[in-house]
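Down below is the structure, laid out as structure tokens.
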Amino acid sequence: MRVFKFGGASVKDADGVKNLVKVLQETGHEDTFLVISAMGKTTNAMEEVVNAYFKDKTVVSVALQAVEEFHQEILNGLFPTTGHAVFSAIKELFEEVRGFLAWNKSPKYSFVYDQVVCYGELISTSIVSAYLNEAGINNNWLDIRNFIKTDNNYRDAGIDWEKTQERVSKGLDKGKLYVSQGFIGSDENNFTTTLGREGSDYTAAILAYCLNAHSVTIWKDVPGVLNADPRYFQESQLLNKISYREAIELAFYGASVIHPKTLQPLQRKEIPLLVKSFLNPKDPGTTVGKGESIDPKVPCFIVKKNQVLMKLSSLDFSFIVEDSISDLFKLLHDYKMKVDMIQNSAISFSVCVDNKFGRLEELLDHLKGKFKVVHHEGVSLYTIRHFDAQSIDSLQNGKEVLLEQRGKETVQIVVK
């Protein structure tokens with residue numbers, strides 16, 4: 001069985017859904033599992049619904065109505081009549097969201113987030129499945145929450161591999177075409193959980209691992225894995241082949257094409273990962289697998305924007321040693337800061353973090369009781385794999401460098 005993952009950009013409108021059908025017609029669709037994300041920027045829009053629920057409930061209805069109208073437009077572009085059963089099915093899903101927001105009693109943001117945002121995937125897959133049937137491609141729609149079981153760490157759930165493997169093995173038949181959601185699962189109480197932003201890639205890898213899949217293909221709006229994100233760098237180049245290890249390195253440093261957790265289950269069973277363009281499905285794209293590190297071997301540029309650089313030094317000029325470093329990492333963990341870069345000397349410790357859970361002020365208040373703290377918000381962290389002098393110069397030119405760190409294969413630079 002193959003696993004195909006289509007992201008939000010591939011199904012952002014009616015034409016995108018129609019193109020997905022063309023991709024399947026060109027590549028074949030038997031014995032295939034489709035993992036499909038929310039349409040376009042729906043996840044962002046559903047996040048706004050959650051934010052409105054906690055900040056100003058009077059605008060929840062307006063925020064949700066905008067999401068419903070977006071999907072209504074896609075439905076109108078796909079189906080000849082509003083009498084098609086999918087129209088009432090989608091309406092019912094939106095009513096479920098409204099019902100949850102009306103009766104929910106939980107004050108926990110992350111719990112509410114997962115119960116609401118998941119509907120982006122449920123709606124997109126319902127539309128795609130119905131349109132595939134309309135186009136003569138019979139398929140089986142699945143609620144992935146019945147198969148992928150997790151803990152209850154909402155917004156960043158951990159997989160229960162034993163239960164997930166058991167359910168996938170017993171519940172899926174090879175030879176069929178399945179359509180299901182990325183990004184979501186469920187805990188032992190059957191509440192919805194999410195796997196972290198961009199978690200649909202991870203879903204594809206989980207299923208591939210449990211199914212012993214032949215391959216995983218991630219369909220993107222770029223030709224494959226590039227050595228630089230064209231949104232931020234003027235020149236980019238297609239990487240024909242990269243090893244699992246190299247891809248994990250790139251993902252760890254923040255390459256946006258591949259989710260950081262996606263590669264680990266694939267590597268364990270040596271399942272090839274293909275990254276291809278849904279605009280040109282016959283092009284070879286990039287193959288991630290066992291073997292050669294990177295082809296061609298060129299500098300690879302990665303940028304993480306809106307980071308926070310904190311420079312800590314001891315108040316009494318005492319050494320920052322193992323005990324204090326251990327305490328620092330515990331605090332970073334407790335306040336859910338993702339660490340992207342560290343550097344320390346005898347009396348100082350610098351760390352570049354992603355404040356994705358918005359708890360920076362709490363952390364700073366805690367740290368200031370023990371350390372002298374200087375922090376910079378809104379900085380950019382650049383990473384270059386396989387760097388050379390020219391690639392470093394191109395990044396530093398005209399920028400204020402706050403921190404730099406070099407290794408044998410990788411250089412990281414924090415700039416304003």
Side-chain angles (χ1 to χ4, degrees), residues 47 108-111 113-114 150-159 193-199 202 248-256 258-264 302-385 400-407 410-416:
E47 287 177 345
K108 296 180 180 180
Y109 181 94
S110 292
F111 172 78
Y113 178 101
D114 281 6
T150 74
D151 59 23
N152 61 358
N153 184 26
Y154 299 108
R155 293 186 71 190
D156 194 19
I159 302 300
T193 56
T194 62
L195 309 181
R197 289 299 299 265
E198 308 301 327
Y202 189 33
I248 288 170
E249 290 279 4
L250 293 172
F252 172 79
Y253 288 116
S256 60
I258 304 171
H259 189 277
K261 294 184 287 190
T262 298
L263 295 152
Q264 293 164 346
I302 303 158
V303 61
K304 288 186 174 181
K305 294 184 175 291
N306 296 317
Q307 303 293 291
V308 179
L309 177 64
M310 293 184 289
K311 295 187 176 184
L312 315 176
S313 55
S314 53
L315 295 171
D316 59 359
F317 293 99
S318 60
F319 292 151
I320 294 183
V321 291
E322 288 82 357
D323 288 347
S324 52
I325 291 176
S326 175
D327 291 342
L328 285 169
F329 272 99
K330 185 178 186 306
L331 287 172
L332 292 168
H333 171 76
D334 290 345
Y335 288 98
K336 295 189 174 183
M337 296 289 167
K338 184 181 183 304
V339 176
D340 292 319
M341 179 183 177
I342 60 172
Q343 191 176 97
N344 68 286
S345 66
I347 60 172
S348 68
F349 180 90
S350 297
V351 58
C352 187
V353 300
D354 187 346
N355 181 34
K356 68 176 183 177
F357 289 97
R359 302 191 64 184
L360 177 64
E361 291 304 321
E362 295 175 73
L363 174 61
L364 291 174
D365 286 343
H366 199 139
L367 290 171
K368 287 175 182 176
K370 298 181 179 180
F371 301 94
K372 177 183 178 182
V373 182
V374 176
H375 80 284
H376 303 269
E377 297 182 47
V379 301
S380 295
L381 171 62
Y382 287 92
T383 302
I384 312 174
R385 288 278 295 165
E400 181 182 350
V401 177
L402 300 173
L403 195 66
E404 179 180 330
Q405 187 162 272
R406 299 192 190 196
T410 306
V411 63
Q412 291 189 285
I413 304 168
V414 180
V415 302
K416 277 191 174 181

- Message: Under a 3.5 Å cutoff, is there a donor and acceptor pairing between the side chains of R385 and T410?
- Response: yes
- Message: Going by side chain to side chain donor-acceptor pair (under 3.5 Å), name the residues that satisfy it together with Q412, two or more places apart in sequence or in a different chain.
- Response: T383
- Item | Shortest non-hydrogen contact between V339 and F329, atoms and distance | CG2-CE2, 4.5 Å
- Query: How about R155 and K336: do any of their side-chain heavy atoms sit closer than 4.5 Å?
  - Reply: no
- Task: Mind running side chain to side chain donor-acceptor pair (under 3.5 Å) on T194 and D114 for me, showing each step along the way?
- Result: CA-CA 6 Å; T194 62; D114 281 6; 2.7 Å; yes
- Message: Minimum heavy-atom separation for A157 and L195, please, with both atom names.
- Response: O-CD2, 4.0 Å
- Please tell me if the side chains of I342 and N344 come closer than 4.5 Å, counting only heavy atoms from C-beta onward. no
- Query: Is any NZ, NE, NH1 or NH2 atom of the basic residue among D156 and K261 found under 4.0 Å from an Asp or Glu carboxylate oxygen of the other?
  - Reply: yes
- Would D354 and K304 pass as an ion pair if we require N to O under 4.0 Å? no
- Query: For the residue pair V353 and Q307, what are the closest heavy atoms and their distance?
  - Reply: O-OE1, 3.4 Å
What donor-acceptor contacts under 3.5 angstrom involve side-chain atoms of residues 355-370, with partners at least two apart or in another chain?
residue, atom, partner, partner atom, Å
N355, OD1, G358, N, 3.4
N355, OD1, R359, N, 2.9
N355, OD1, L360, N, 3.2
R359, NE, E362, OE2, 3.2
R359, NH1, D334, O, 3.3
R359, NH2, E362, OE1, 3.2
H366, ND1, Y335, OH, 3.2

- Message: If you count heavy atoms of other groups shown closer than 6.0 angstrom to NZ of K311, is the number above 12?
- Response: yes
- Message: Quick check for you: to the nearest 0.5 Å, what is the distance between E377 atom CD and K416 atom NZ?
- Response: 12.0 Å
- Task: Starting at OH of Y202, measure out to OG1 of T262 and round the result to the nearest 0.5 Å.
- Result: 8.5 Å
- Rounded to the nearest 0.5 Å, what's the gap from CD1 on I413 to CE on M341? Could you check? 8.5 Å
- Message: For Y253, run the side chain to side chain contact (heavy atoms under 4.5 Å, CB included) check against I302, I384, L381 and tell me which one passes.
- Response: I302
- Item | Side chain proximity check, V415 to S380, heavy atoms < 4.5 angstrom | yes
- Nearest-0.5 Å distance that lies between atom CZ in F371 and atom OG in S314: 8.0 Å
- All heavy atoms of H375 vs all of V308, minimum pair found to be CD2-CG1, 4.4 Å
- Item | Non-hydrogen atoms of S350 and L403 that approach each other most closely | CB-CD2, 4.0 Å
